[in-house]
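Here the structure is a predicted model, which is why all the values come from computation and not from measurement. Chain letters run A, B, ... following the sequence lines, proteins first and then strands; every chain starts at 1.
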Protein chains: 2
Amino acid sequence: MQITSRFTIAVHIITCIHCFQDDYKVTSNFIAGSTGVNPVIIRGVLSQLKAAGLIHVRQGASGITLAKPLEEITFFDVYEAVDSVKDEGLFHFHENPNPDCPVGKNIHFALDRRLAQVQTAMEQELRQIRLSDVAADVQAKIEAEKK
Amino acid sequence: MQITSRFTIAVHIITCIHCFQDDYKVTSNFIAGSTGVNPVIIRGVLSQLKAAGLIHVRQGASGITLAKPLEEITFFDVYEAVDSVKDEGLFHFHENPNPDCPVGKNIHFALDRRLAQVQTAMEQELRQIRLSDVAADVQAKIEAEKK
DNA sequence: TTACTTGTAATGTGTTATATTACAACCATA
DNA sequence: TATGGTTGTAATATAACACATTACAAGTAA
């Protein structure tokens with residue numbers, strides 16, 4: 001089971017805003033064109049990124065902009081904004097272990113801590129990666145192709 | 001989006017086999033009772049665990065047993081056996097970034113490496129945890145309750 | 001006022017996880 | 001060897017979910 005494409009879409013969106021906000025009016029349709037994703041989906045992700053304080057969007061007014069410098073946005077910020085499993089946890093536990101079985105009764109106790117440990121390791125790695133890293137790579141590639 | 005319950009089911013199964021293989025004939029129905037999961041699903045997971053060389057199952061013959069000491073089975077072994085994203089990767093990438101857009105054209109190049117890095121961090125943590133750790137906790141709880 | 005944009009509800013479609021029924025293949029033992 | 005129990009698996013149902021799409025209200029800027 002994979003992590004939703006909303007995450008890569010969101011990273012793509014932020015990179016787009018960064019690269020184009022000075023030269024174009026960045027709109028949901030513009031982004032839909034770059035990502036190949038339906039504009040309504042894009043607007044949904046934009047709302048989540050806005051709620052997380054990462055971008056500025058205003059109803060009616062075109063021109064989406066960044067709310068923070070790229071160096072201050074990590075993969076974790078984006079992940080948390082669009083694909084968070086805060087309520088549920090990364091791992092889906094089978095719902096009905098048998099409380100009358102010694103193993104079924106105690107399996108949650110034995111597992112929960114360790115599942116959380118794995119989730120934390122993943123989230124820590126997400127925190128290491130900044131959106132500025134991604135944008136730098138994209139722009140380096142663009143420059144390289146100009147020649 | 002979460003990791004399938006097949007993973008926690010599989011860990012539960014292995015713990016069950018370990019705890020009960022000396023005293024009971026462990027069957028798919030027995031495990032279904034402990035996990036609260038349908039026997040057919042259990043048999044599917046059992047097949048995957050068998051294919052991964054973690055357990056012994058023989059058609060017709062009851063009595064499922066472990067193929068390795070618990071100390072030599074990690075969360076990663078189980079994860080790989082039942083819920084692997086080997087072909088796809090942990091992150092689902094949006095399918096149609098626009099090759100005519102400078103960002104759309106290069107977003108894969110800029111992201112793939114980092115997504116793999118996050119996936120690797122998670123898998124490394126899975127490798128740190130042994131099934132014997134889980135079984136020890138379960139059995140300690142059982143002992144504690146006897147008193 | 002007009003043209004454009006965001007926000008969002010409603011609906012459709014395809015995919016996937018799990019449950020369930022049914023049955024063939026197989027094994028162990030009386 | 002006949003029988004009862006077990007695994008393997010196909011077929012089907014159901015629910016949840018991701019994403020696409022249409023439609024339109026609400027808002028903005030010229």
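- Regarding A/H92, its NE2 atom lies at a distance of 9 Å from the P atom of D/dC17, rounded to whole Å.
- With a 4.5 Å cut-off on side-chain heavy atoms, A/H92 and B/T4 do not count as touching.
- With 3.5 Å as the limit, one finds a donor-acceptor pair spanning the side chains of B/T8 and A/H94.
- Under a 4.0 Å N-O distance rule, the pair A/R114/B/D137 qualifies as a salt bridge.
- Between A/R43 atom CZ and D/dC19 atom P the separation is 17 Å, expressed in whole Å.
- Distances were taken from every side-chain heavy atom of B/N38 (C-beta onward) to each of D/dC19, D/dA18, C/dA19; the shortest belongs to C/dA19.
- Residue contacts for A/I64: at a heavy-atom cut-off of 4.0 Å it reaches the sugar-phosphate backbone alone, with no base atom in range.
- Note that the CD1 atom of A/I107 and the CG atom of A/D112 stand 9.5 Å from one another [nearest 0.5 Å].
- Rounded to the nearest 0.5 angstrom, B/I64 CD1 and B/I42 CD1 are separated by 9.0 Å.
- For the pair B/I3 CD1 and C/dT18 P, the interatomic distance rounds to 12 Å; values are reported in whole Å.
- Atom CD1 of B/I41 and atom CZ of B/R6 lie 6.5 Å apart (nearest 0.5 Å).
- The CD1 atom of B/I42 sits 14 Å away from the C1' atom of C/dT20 (whole-angstrom rounding).
- Checking C/dA9, D/dA18, D/dA10 against every side-chain atom of B/M1, the shortest atom distance belongs to D/dA18.
- Straight-line distance from the CD1 atom of B/I9 to the C1' atom of C/dA19: 11 Å, rounded to whole Å.
- Atoms CD (A/E95) and P (D/dA16) sit 11 Å apart, rounded to a whole Å.
- Between B/Y24 and B/F30, the ring planes lie tilted relative to each other; the angle falls in the 30° to 60° range.
- DNA chain D is contacted by A/R58, A/Q59, A/G60, A/A61 of residues 50-62 of chain A, taking any non-hydrogen atom closer than 4.0 Å.
- To the nearest angstrom, C1' of D/dA20 lies 15 Å from NE2 of B/H94.
- At least one side-chain heavy atom of B/L131 sits less than 4.5 Å from a side-chain heavy atom of B/F75.
- The stretch residues 22-33 of chain B does not touch DNA chain C, since none of its heavy atoms comes less than 4.0 Å from the strand.
- The closest side-chain heavy-atom distance from B/L70 to B/I14 is below 4.5 Å.
- A straight line from CD of B/Q48 to C1' of C/dA17 spans 12 Å, rounded to a whole angstrom.
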